[in-house]
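Reviewing the structure listed below.
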Amino acid sequence: MVDYCAFGWILAAVLGLAIALSFFVSPRRNRRGGADSTPRSEGVRSSSTTNGECRSVDGDADVIIVGAGVAGSALAHTLGKDGRLVHVIERDLTEPDRIVGELLQPGGYLKLIELGLQDCVEEIDAQKVYGYALFKDGKNTQLSYPLEKFQSDVSGRSFHNGRFIQRMREKAASLPNVRLEQGTVTSLLEEKGTIKGVQYKSKNGEEKTAHAPLTIVCDGCFSNLRRSLCKPMVDVPSCFVGLVLENCQLPFANHGHVVLGDPSPILFYPISSTEIRCLVDVPGQKVPSISNGEMEKYLKTIVAPQVPPQIHDAFIAAIDKGNIRTMPNRSMPAAPQPTPGALLMGDAFNMRHPLTGGGMTVALSDIVVLRNLLKPLKDLNDAPTLCKYLESFYTLRKPVASTINTLAGALYKVFCASPDQARKEMRQACFDYLSLGGIFSNGPVSLLSGLNPRPLSLVLHFFAVAIYGVGRLLLPFPSPKGIWIGARLVYSASGIIFPIIKAEGVRQMFFPATVPAYYRSPPVLKTIA
């Protein structure tokens with residue numbers, strides 16, 4: 001039996017290596033959605049400055065931040081706390097009402113502490129989250145975050161997205177050197193290839209300009225400025241249908257719940273002491289119509305039978321209440337186009353499938369990296385030198401960002417139902433592997449939670465699942481059919497993870513120390529003595 005198991009491992013390893021090589025040496029293919037063909041100059045206007053200095057019409061600013069969502073608000077407070085003069089321009093300063101951005105992983109909470117923003121999850125009825133529960137074919141398994149080495153208040157947090165953002169905006173606005181203004185940025189101001197500021201419409205419709213040495217664009221997933229600063233490759237693999245369940249209890253208190261449903265996952269997690277968010281994933285870019293009743297029929301006939309019985313009645317009641325929301329799930333690898341005077345951050349820069357709730361963790365981690373890079377700089381006016389220096393940002397952010405991005409994309413594909421037998425086996429192997437507990441669950445959960453952002457560990461666990469699946473097929477005795485499905489399982493697993501790794505950048509992801517920008521030091525003339 002041991003020999004057969006070893007044979008399965010060797011076969012899986014050889015096939016995995018061969019497929020990996022074929023992926024990385026093959027010509028680059030166009031991704032779905034393709035590269036944005038809009039010229040870089042779109043959304044950018046020419047401007048002039050006086051004596052080469054950047055001046056704001058309302059006074060000097062060191063940094064302009066476009067957008068005051070999670071990334072923009074946190075960044076404004078962080079840079080303001082470091083003494084920068086910050087001008088934030090946000091399209092709508094009223095409380096947002098969204099169905100995503102409601103779960104902050106423990107790794108993200110640790111970044112919140114590092115930024116001094118942990119009190120923003122207080123007084124909003126946020127709920128502590130200690131792990132996940134997986135459900136499949138009537139079985140379930142509980143996966144807890146490995147929090148033993150951390151203080152008792154460290155955990156995930158789930159909440160109403162709008163309440164969290166308003167708390168962060170209030171925190172940023174409390175600093176005397178941070179100015180929040182409601183307005184719509186229409187374009188970036190460019191002079192000789194350098195971004196000098198923005199043109200925007202104020203709340204009352206007045207056309208204005210604002211200037212600063214550094215403009216940071218954080219205007220979210222629907223950004224209309226990103227194409228000026230990167231090469232967006234946006235994919236929409238699915239849509240979320242959002243509901244709120246009221247006055248019910250989840251089977252596992254203070255845990256996110258993931259139902260490995262057909263055709264794709266169904267999520268449940270608390271967003272207040274009396275409300276449970278339900279997100280039903282619908283593959284593709286089209287969802288059943290809400291207006292003609294198709295959505296209600298879909299939810300009641302296809303989804304409801306797969307919902308845990310403890311919350312089934314509350315699920316039906318939420319459908320009958322009628323407050324059904326939808327949102328496309330977007331993914332976009334970071335493809336920066338370094339531009340003097342400007343930087344992209346948040347969902348405007350990088351997105352991943354929201355299945356794992358990692359977006360805010362990546363954004364907050366990016367802010368910590370950027371803060372550390374900017375902190376020794378006294379003056380930001382030398383845009384070309386600053387741009388060259390900030391190229392290190394794209395490498396230093398990779399361990400956290402690439403781990404969470406890759407895991408989100410890979411898990412979504414594994415968790416979706418498929419008629420293919422090899423994909424079915426991979427899905428079952430993943431559920432059984434996580435159910436083993438110990439290192440088999442702690443390792444993947446620590447990656448998902450942002451507590452252990454190590455890309456190599458992610459790849460090892462992913463292929464351990466594949467090898468585990470192959471072993472199940474070959475034991476107790478291998479058969480031609482089992483060997484064939486096992487080979488296809490490894491091929492399928494490789495086809496899931498390697499394209500994601502390729503999009504993230506193999507060198508930056510696994511060998512960041514070989515990237516020259518990794519060692520870039522602050523410009524000598526700009527450092528604080």
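The first residue in the sequence is number 1, and the count goes up from there.
Rounded to the nearest 0.5 Å, atoms CE (M360) and CD1 (I165) are 8.5 Å apart. Atom CZ of residue R371 and atom CG of residue D366 lie 13.0 Å apart, to the nearest 0.5 angstrom. Put simply, CG on L370 and CG on L373 are 6.5 Å apart, with the number rounded to the nearest 0.5 Å. Note that the CD1 atom of I500 and the CG atom of N405 stand 9.5 Å from one another [nearest 0.5 Å]. A distance of 14.0 Å separates OH in Y200 from CG in L188, rounded to the nearest 0.5 Å. Rounded to the nearest 0.5 angstrom, T184 OG1 and K208 NZ are separated by 12.5 Å.
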Next on the checklist: Does L267 form a side-chain contact (heavy atoms from CB on, under 4.5 Å) with C278? I'd like the steps, not just the answer.
Outcome noted: CA-CA 6 Å; L267 310 181; C278 169; over 6 Å; no
Checklist entry - Please walk me through it: do Q199 and T186 pass side chain to side chain donor-acceptor pair (under 3.5 Å)? => result CA-CA 6 Å; Q199 178 165 339; T186 55; 4.6 Å; no
Item to check | K502 and E504: CA distance, side-chain angles, deciding distance, salt bridge (Lys or Arg N to Asp or Glu O under 4.0 Å) verdict | outcome: CA-CA 5 Å; K502 191 175 182 181; E504 287 292 321; over 6 Å; no
Next on the checklist: Between R157 and E122, is the salt bridge (Lys or Arg N to Asp or Glu O under 4.0 Å) condition met? List the steps.
Outcome noted: CA-CA 10 Å; R157 294 291 195 283; E122 298 173 1; over 6 Å; no
Checklist entry - Where do E90 and R169 land on the salt bridge (Lys or Arg N to Asp or Glu O under 4.0 Å) test, with the steps shown first? => result CA-CA 10 Å; E90 162 59 36; R169 287 173 177 173; 3.7 Å; yes
Item to check | Steps toward side-chain contact (heavy atoms from CB on, under 4.5 Å) verdict (C430, V414) | outcome: CA-CA 8 Å; C430 186; V414 170; 3.9 Å; yes
Checklist entry - Under the side-chain contact (heavy atoms from CB on, under 4.5 Å) criterion, do L189 and H211 qualify, and how do the steps go? => result CA-CA 8 Å; L189 300 176; H211 298 81; 3.7 Å; yes
Next on the checklist: Test side-chain contact (heavy atoms from CB on, under 4.5 Å) on Y132 and Y269; report intermediate values, then the result.
Outcome noted: CA-CA 9 Å; Y132 283 88; Y269 52 87; over 6 Å; no
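Identified under the salt bridge (charged side-chain N to carboxylate O under 4.0 Å, His left out) test for residues 329-338, with sequence neighbours left out: none. Among pairs with a residue in residues 275-284, those fulfilling salt bridge (charged side-chain N to carboxylate O under 4.0 Å, His left out) read E102-R277, at least two apart in sequence or across chains.
Shortest non-hydrogen contact noted between I99 and L279 is O-CD2, 3.5 Å. When all heavy atoms of S187 and L225 are compared, the closest pair comes out as CA-CD2, 4.1 Å. The two residues H87 and I89 have their closest heavy-atom pair at NE2-CG1, 3.7 Å. When every heavy atom of S158 is checked against every heavy atom of L103, the shortest pair comes out as CB-CD1, 4.0 Å. Listed here is the closest heavy atom pair of C416 and S264: SG-CB, 3.7 Å. Nearest approach of T194 to A383, heavy atoms of both residues: CG2-CB, 3.6 Å.
A salt bridge links D97 to R325: one of the charged nitrogens lies within less than 4.0 Å of a carboxylate oxygen. Using a 4.0 Å cut-off between charged nitrogen and carboxylate oxygen, R520 and E391 count as a salt-bridge pair. In this structure, K201 does not pair ionically with E206, as no charged nitrogen and carboxylate oxygen lie closer than 4.0 Å. Between R167 and E95 there is no salt bridge, since no side-chain N of the basic residue sits under 4.0 Å from a carboxylate O of the acidic one. The pair D347-R352 counts as a salt bridge, with a side-chain nitrogen and a carboxylate oxygen less than 4.0 angstrom apart.
Applying the 6.0 Å contact sphere to NZ of K81 captures more than 12 heavy atoms from other residues, nucleotides or ligands. Applying the 6.0 Å contact sphere to OH of Y518 captures no more than 12 heavy atoms from other residues, nucleotides or ligands.
N350 contributes a side-chain N or O that, together with a main-chain N or O of M332, makes up a donor-acceptor pair within less than 3.5 Å. Distance alone, capped at 3.5 Å, places no donor-acceptor pair between the E190 side chain and the G197 backbone. In this structure a side-chain-to-backbone donor-acceptor pair under 3.5 Å is missing from Q182 to K203. In this structure, D219 contributes its side chain and G67 its backbone to no donor-acceptor pair below 3.5 Å. With R226 contributing its side chain and A348 its backbone, the two residues share a donor-acceptor pair below 3.5 Å. In this structure a side-chain-to-backbone donor-acceptor pair under 3.5 Å is present from N161 to G101. Put simply, the side chain of S365 never gets that close to the backbone of T361: no donor and acceptor are under 3.5 Å apart. Not one N or O on the side chain of S73 forms a donor-acceptor pair closer than 3.5 Å with the backbone of V70. For T406 (side chain) and T403 (main-chain N/O), no donor-acceptor pair under 3.5 Å exists by modelled atom type. In this structure a side-chain-to-backbone donor-acceptor pair under 3.5 Å is missing from E207 to G205.
V86 is listed as a side-chain neighbour of I65, based on a closest heavy-atom distance under 4.5 Å. For the pair Q166 and P96, the minimum side-chain heavy-atom distance is below 4.5 Å. C239 places none of its side-chain heavy atoms less than 4.5 Å from the side chain of T326. Here the side chains of P522 and P376 are in contact, with some heavy-atom distance below 4.5 Å. In this structure, the side chains of V63 and L75 stay at 4.5 Å or more apart for every pair of heavy atoms. Within the 4.5 Å cutoff, the side chain of F240 has no heavy atoms near those of the V280 side chain. Within the 4.5 Å cutoff, the side chain of R84 has no heavy atoms near those of the L214 side chain. A 4.5 Å side-chain heavy-atom check between L180 and L93 finds at least one atom pair inside the cut-off.
Between Y109 and the options L117, D153, L364, a side chain to side chain contact (heavy atoms under 4.5 Å, CB included) holds for only D153. Checked against I216 for a side chain to side chain contact (heavy atoms under 4.5 Å, CB included), the options L344, I64, I367, L79 give a single hit: L79.
Under the 6.0 Å cut-off for aromatic ring centres, F498 and F463 qualify, their centroids lying closer than that. Ring centroid separation for the pair H353 and Y412 comes in under the 6.0 Å cut-off.
A tilted orientation is assigned to the rings of F349 and F393, their planes being inclined by 30° to 60°. Ring pair Y130/H255 is tilted by interplanar angle, where 30° to 60° counts as tilted.
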